[in-house]
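Within every chain, numbering begins at 1; the chains are lettered A, B, ... in the order of the sequence lines, protein sequences first and strands thereafter. Everything numeric in this text was worked out from a predicted model, so none of it was measured. Computation of the quantities below employed the complete heavy-atom set of this structure, encompassing side-chain atoms and omitting hydrogens, waters and symmetry-equivalent molecules.
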Number of protein chains: 2
Amino acid sequence: MAADAVSPRERYRSQVRADIKARAWAQLAKSGASGLSLNAIAKELGMSGPALYRYFGSRDELITELIRDAYRGLADTFRAAADSGAGIEGLAHALRRWALEDPQRYFLVYGTPVPGYHAPDDITSIAQEIMAALLDVCAAAEPEAPAPASAGFTAHLSQHRRWAGDHPATPGVLRRALAFWTRMHGVLSLELAGHFTGMGFDQDRLFDAEVAELASGR
Amino acid sequence: MAADAVSPRERYRSQVRADIKARAWAQLAKSGASGLSLNAIAKELGMSGPALYRYFGSRDELITELIRDAYRGLADTFRAAADSGAGIEGLAHALRRWALEDPQRYFLVYGTPVPGYHAPDDITSIAQEIMAALLDVCAAAEPEAPAPASAGFTAHLSQHRRWAGDHPATPGVLRRALAFWTRMHGVLSLELAGHFTGMGFDQDRLFDAEVAELASGR
DNA sequence: CATGTTAGTTATAGCTTCTAACGCAAGCGA
DNA sequence: TCGCTTGCGTTAGAAGCTATAACTAACATG
């Protein structure tokens, strides 16, 4: 029955944690990760600084939680796209929508690394979920075009496929998944960082062109 | 005669500025931009905190100077490669060498943007130098392969080429330069951020494969 | 030599993260 | 229902940061 009934204390606690994270996301979007201030969040919530440490042990712990949620959201987005039968183009556009929704969230996952920082294990396992969904989509896509220029590397991949876990992907699919990752990240992160602003061309079209070349096996 | 003789004061001043920047680069490589501390640098140089403000007006000013130097170094690297007749492969490997030399320096240019920050004009003009060198190399490369998948975008580029300045590049060259930028950045920044570590494959080979596909017009 | 410039100092304000010690109130078990 | 425990929030404070202000000492120039 009420085996999963949460105590009022826990209800309140998780509510406050959610409030804190909501403010943290807002600050992150406005000022970036370096501008995230626990003190400021506490004041916004009407409580005084150190109270926040009841909910998150440190600033790093809060940021790690945000990173975890970002990975989780991206994994869900990829999984939903893969399960709904989206092809490579569909997955690419789902990725771009997710990224444009909150660029700083994207950079939390794929942005500048902090030299000392190591993500906890459960985050790397979410990263594997993302890769698995990507492999699913690539495997279901059109039979791969040859791509002779990187035939050697594809052969290399067939002997170094531990990162794909137990996914039954052909070497060509592995190659395609890596190409998806590197190319989509390349065009997307430059766009999100604003390196294309003022250049005059249509950024939607650039992305679509990259997707088209990728999907056509080129 | 001694019209360009610098006074001992100026000599000393620029020497101290250089010392400060050297320490700043070291801190940056070790702890990233967020871990850069003016106080720590001052103590390392044997002077007390506020003395440093004689040389740099603020922390932001110092970081902007580092960003400027990073852009300058990348522009020089590109220019040298272009002038020595390097092809697309040569330029790509020059870029990768420069990036691996100091990953945080690369991320200073192409990493996570800080929402409020706008680079001063002289930095964006260095960015145009970089683009010009890239266009030179792409223009001198093999006659462009068709790349039919993005023919529409190439046509779009031919009408939005203000960003190329007065460079006499064909639309195909413009397209190729953009592809170089997005793809090389994609694979490089993932490598530098450590997203490939532990995946098992050879990162040199992945980069070479991406370069090969790019250079073959695919 | 006198004067102005510049590099360094200390003191201080205001911000940050984070720890420690305390009070109060809400929930839980008997 | 009573009392105990648990946990939340408080203030105080340490240690760090950026940055400014006021002052001193050394230097360069008229």
Side-chain angles (χ1 to χ4, degrees), chain A residues 1-28 30-67 114-117, chain B residues 1-28 30-67 114-117:
Chain A
M1 280 267 100
D4 58 350
V6 288
S7 68
R9 274 231 163 111
E10 283 178 38
R11 279 189 66 85
Y12 177 75
R13 181 176 178 80
S14 66
Q15 174 61 44
V16 175
R17 276 181 66 99
D19 286 352
I20 292 171
K21 293 212 292 194
R23 305 278 179 164
W25 280 116
Q27 277 203 10
L28 196 80
K30 195 195 300 172
S31 324
S34 63
L36 200 153
S37 159
L38 297 193
N39 250 328
I41 293 174
K43 282 181 188 170
E44 280 181 8
L45 293 179
M47 55 184 173
S48 221
L52 214 140
Y53 286 80
R54 297 279 176 197
Y55 301 94
F56 293 94
S58 71
R59 188 175 180 276
D60 264 24
E61 199 177 302
L62 173 57
I63 292 182
T64 295
E65 186 84 7
L66 298 182
I67 293 175
V114 177
Y117 182 80
Chain B
M1 281 268 101
D4 59 351
V6 288
S7 69
R9 272 232 164 114
E10 283 179 38
R11 280 188 66 85
Y12 178 76
R13 181 176 180 79
S14 65
Q15 174 60 44
V16 174
R17 275 180 67 99
D19 286 353
I20 292 170
K21 293 211 294 192
R23 306 278 180 164
W25 280 116
Q27 277 204 9
L28 196 82
K30 195 194 301 173
S31 325
S34 63
L36 200 152
S37 158
L38 296 194
N39 251 327
I41 293 174
K43 282 180 188 170
E44 281 182 7
L45 293 178
M47 55 184 171
S48 223
L52 215 142
Y53 286 80
R54 296 281 172 194
Y55 300 93
F56 293 94
S58 71
R59 187 174 179 277
D60 264 25
E61 199 177 301
L62 173 58
I63 292 183
T64 295
E65 186 84 9
L66 298 182
I67 293 175
V114 177
Y117 183 80

(Q) Nearest 0.5 Å, please: how far is CG in L52(A) from OG in S37(A)? (A) 9.5 Å
Q: Check the distance between dG16(D)'s C1' and I41(B)'s CD1 and give it to me in whole angstrom.
A: 15 Å
Q: Looking only at side-chain atoms of M47(B), point me to the closest of dT10(D), dG9(D), dG8(C).
A: dG8(C)
Q) From dG9(D), dT18(D), dC17(D), pick the nucleotide closest to the side chain of L38(B)? A) dT18(D)
Q: In whole angstrom, give the distance that lies between atom OH of Y12(B) and atom P of dT6(C).
A: 15 Å
Q. Has S48(B) got a side-chain N or O lying under 4.0 Å from the OP1 or OP2 atom of dT10(C)?
A. yes
Q.
Any non-hydrogen side-chain atom of D19(B) less than 4.5 Å from a side-chain atom of Y55(B)?
A. no
Q. So does N39(B) get a side-chain nitrogen or oxygen closer than 4.0 Å to the phosphate oxygens (OP1/OP2) of dT18(D)?
A. yes
Q. If you measure from OG1 on T64(A) to CZ on R59(A), what distance do you get to the nearest 0.5 Å?
A. 10.5 Å
Q.
Do I67(A) and Y117(A) have side chains that approach each other closer than 4.5 Å (heavy atoms only, starting at C-beta)?
A. yes
Q: Return the value, rounded to whole Å, for the distance between atom CD of E10(A) and atom C1' of dT6(D).
A: 13 Å
Q: Kindly point out which of dT16(C), dG8(C), dT10(D) is positioned nearest to the side chain of K43(A)?
A: dT16(C)
Q) Do I20(B) and L38(B) have side-chain heavy atoms sitting under 4.5 Å apart? A) no
Q) When the distance from CG of L52(A) to P of dT17(C) is rounded to whole Å, what number comes out? A) 9 Å
Q.
As a test of reading the structure: which of dA7(C), dT9(C), dT11(D) is closest to the side chain of R13(B), going by heavy atoms?
A. dA7(C)
Q. Closest approach of F56(B) and K21(B), non-hydrogen atoms and distance?
A. CZ-CG, 3.8 Å
Q.
Quick check for you: among dT10(D), dC18(C), dT16(C), whose closest atom lies nearest to any side-chain atom of R59(A)?
A. dC18(C)
Q. Touch check for F56(A), heavy atoms < 4.0 angstrom, all strands: base, sugar-phosphate only, or nothing?
A. nothing
Q | Euclidean distance, E65(A) CD relative to R17(A) CZ, rounded to 0.5 Å | A | 5.0 Å
Q) Within the distance-only criterion (no hydrogens, no angle test), does the side chain of R23(A) pair as donor or acceptor with the backbone N or O of A40(A) below 3.5 angstrom? A) no
Q. Taking atom P of dT16(C) as reference, at what distance in whole Å does atom CG of D60(A) sit?
A. 17 Å
Q | Between C1' of dT18(D) and CG of L62(B), the distance in whole Å | A | 13 Å
Q: Identify, residue by residue, the members of residues 15-22 of chain A with a heavy atom below 4.0 Å from DNA chain D, and return them in order of residue number, or none.
A: none
Q: Kindly indicate whether the side chain of R54(A), heavy atoms from C-beta on, has any atom under 4.5 Å from the side chain of V16(A).
A: no
**Q.** Rounded distance (Å) that lies between atom C1' of dG9(D) and atom OH of Y55(A)
**A.** 8 Å
Q. Do you know the tightest heavy-atom contact between A24(A) and L66(A)?
A. CB-CD1, 3.9 Å
Q. Base, backbone or nothing for each nucleotide of nucleotides 20-30 of chain D, written B, S, -, heavy atoms under 4.0 angstrom, 5' to 3'?
A. B------BS--
